[in-house]
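A note on names: the letters A, B, ... follow the listed sequences, proteins ahead of strands, and every chain is numbered from 1. These numbers come from a predicted model, not from an experiment.
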Number of protein chains: 2
Amino acid sequence: MHSEVVASRSADQRDSSRESRNGNSPQLDAVSLAIIQQLQEDGRRPYAAIGKAVGLSEAAVRQRVQKLLDQGVMQIVAVTDPLTVGFRRQAMVGINVEGDVESIADALTAMSEVEYVVMTAGSFDILAEIVCEDDDHLLDVINKRIRALPGVRSTESFVYLKLKKQTYMWGTR
Amino acid sequence: MHSEVVASRSADQRDSSRESRNGNSPQLDAVSLAIIQQLQEDGRRPYAAIGKAVGLSEAAVRQRVQKLLDQGVMQIVAVTDPLTVGFRRQAMVGINVEGDVESIADALTAMSEVEYVVMTAGSFDILAEIVCEDDDHLLDVINKRIRALPGVRSTESFVYLKLKKQTYMWGTR
DNA sequence: TCGCGACCTTGCGGATTTCGCAGATCGAGT
DNA sequence: ACTCGATCTGCGAAATCCGCAAGGTCGCGA
């Protein structure tokens with residue numbers, strides 16, 4: 001009963017390479033996708049349970065998960081609502097840059113209060129999400145540290161009033 | 001006797017209801033914070049190891065983690081870079097609303113392509129991050145679905161060019 | 001066609017972890 | 001003083017993790 005399953009599944013694996021024809025760094029096949037999906041529902045789900053769900057042995061799942069972690073494709077972490085953990089002020093900051101955008105982005109990345117940095121097309125060059133403990137802290141980061149970076153032409157801040165949705169279901173649709 | 005019970009318990013409840021305006025009920029003590037911190041470094045770290053790190057028994061850690069999960073204070077999940085998982089187009093959309101902002105935010109929240117919704121102060125009323133498979137998909141979501149919502153006055157899109165930083169270290173500083 | 005590499009499977013123990021439950025402990029209210 | 005609820009500890013039993021070995025299959029290139 002096992003041999004049939006093996007044969008049919010190996011066919012599946014190969015044709016998944018067609019999915020990721022756009023060569024990003026590591027092409028994920030359908031099975032790895034499914035594993036990630038499982039771990040997005042519960043990051044502590046046992047390998048055996050995942051294996052049952054995706055049609056792989058426990059050992060294979062273990063190997064794949066390890067590789068995905070090593071490659072940095074995914075990470076398994078606890079996520080929280082910042083407000084419950086004592087960070088009362090958050091903001092998204094749109095930034096316009098003259099000169100090298102990437103170096104500014106790197107400088108932002110180095111700041112511990114900056115949670116999220118993305119280079120964008122549109123009326124901002126960079127969007128950065130910052131997480132602070134209070135208004136003073138927030139003001140300090142925006143005015144003293146971000147605007148002080150050489151090459152930052154202007155910034156616009158959007159202080160968070162209420163977080164409505166925050167999901168981590170990438171790849172789960 | 002009935003009314004007294006309510007009165008005596010109300011200290012607790014009032015405390016939490018005041019906080020829960022933003023959806024966060026419990027105030028976390030230092031130990032729970034430390035536990036979260038451990039799990040932000042590695043979501044699969046064993047309870048015994050966490051206990052050793054925070055000075056608690058394995059069973060106590062287990063109970064606290066379970067409670068934190070039940071209360072929705074944190075979740076343990078796999079997170080990925082969307083680009084490596086096949087979502088090639090992402091954008092932040094700033095939205096201006098006339099009328100009830102919250103109902104618009106709820107409508108956005110209901111869309112599966114919308115990953116992140118936050119109500120803000122500033123020149124946008126809402127910021128929404130959307131994750132799509134390609135340009136057509138993105139265009140469709142922004143123009144056909146979001147702009148079609150009654151009450152949406154205008155939108156401005158910031159297509160992601162490069163994700164530079166994405167951390168989940170809230171509370172870890 | 002043959003061998004190589006990548007990947008999977010099955011099986012196996014031993015170390016580790018999880019899990020449930022029964023007893024301490026402690027603060028608060030009665 | 002006593003109960004109640006919440007929390008922590010200790011401790012077996014069950015489950016899981018983890019490394020390892022011995023195959024099997026498939027695609028690919030010499």
To the nearest Å, give me how far apart CG (A/L56) and P (C/dC7) are.
12 Å

Gap between atoms CD and C1', on B/Q66 and D/dC8 respectively (whole Å):
17 Å

Parallel, tilted or perpendicular: ring planes of B/F124 versus A/F158, cut at 30 and 60 degrees
parallel

OP1 or OP2 of D/dA6 versus the side-chain N and O atoms of B/K67: is any pair under 4.0 Å?
no

DNA chain D: A/A59 or A/P46, which has the more 5' nearest nucleotide?
A/P46

Distance only, no hydrogens: is a donor on one side chain within 3.5 Å (strictly under) of an acceptor on the other, for B/S32 and B/D29?
yes

note: B/Y47, atom OH; D/dG10, atom P; distance rounded to Å ~ 19 Å

What is the distance, rounded to the nearest whole Å, between atom CG of B/L39 and atom C1' of C/dT18?
14 Å

Residue-phosphate contact under 4.0 Å: A/R64 side-chain N/O, C/dC8 OP1/OP2:
yes

Would you classify B/R44 as touching base, sugar-phosphate or nothing, given that sugar-phosphate means primed atoms plus P, OP1 and OP2, and contacts are heavy atoms under 4.0 Å?
sugar-phosphate

Remember a base hit wins even if backbone is also touched, and classify A/A60 as base, sugar-phosphate or nothing at under 4.0 Å, heavy atoms.
sugar-phosphate

Angle by which the axis turns from one end of the helix from C/dT1-D/dA30 to C/dT30-D/dA1 to the other, five pairs per end, to 10 degrees
30°

Between B/R62 and C/dT17, is there a contact of a side-chain N or O with OP1 or OP2 at under 4.0 Å?
no

Would a distance-only check, ignoring hydrogens and angles, find a side-chain to backbone donor-acceptor pair under 3.5 Å from B/K165 to A/T109?
yes

Has A/R89 got a side-chain atom pairing as donor or acceptor with A/V159's backbone, closer than 3.5 angstrom?
no

Considering all heavy atoms, the nearest A/C132-A/L138 contact
SG-CA, 3.5 Å

Taking atom C1' of C/dC19 as reference, at what distance in whole Å does atom CZ of A/R45 sit?
18 Å

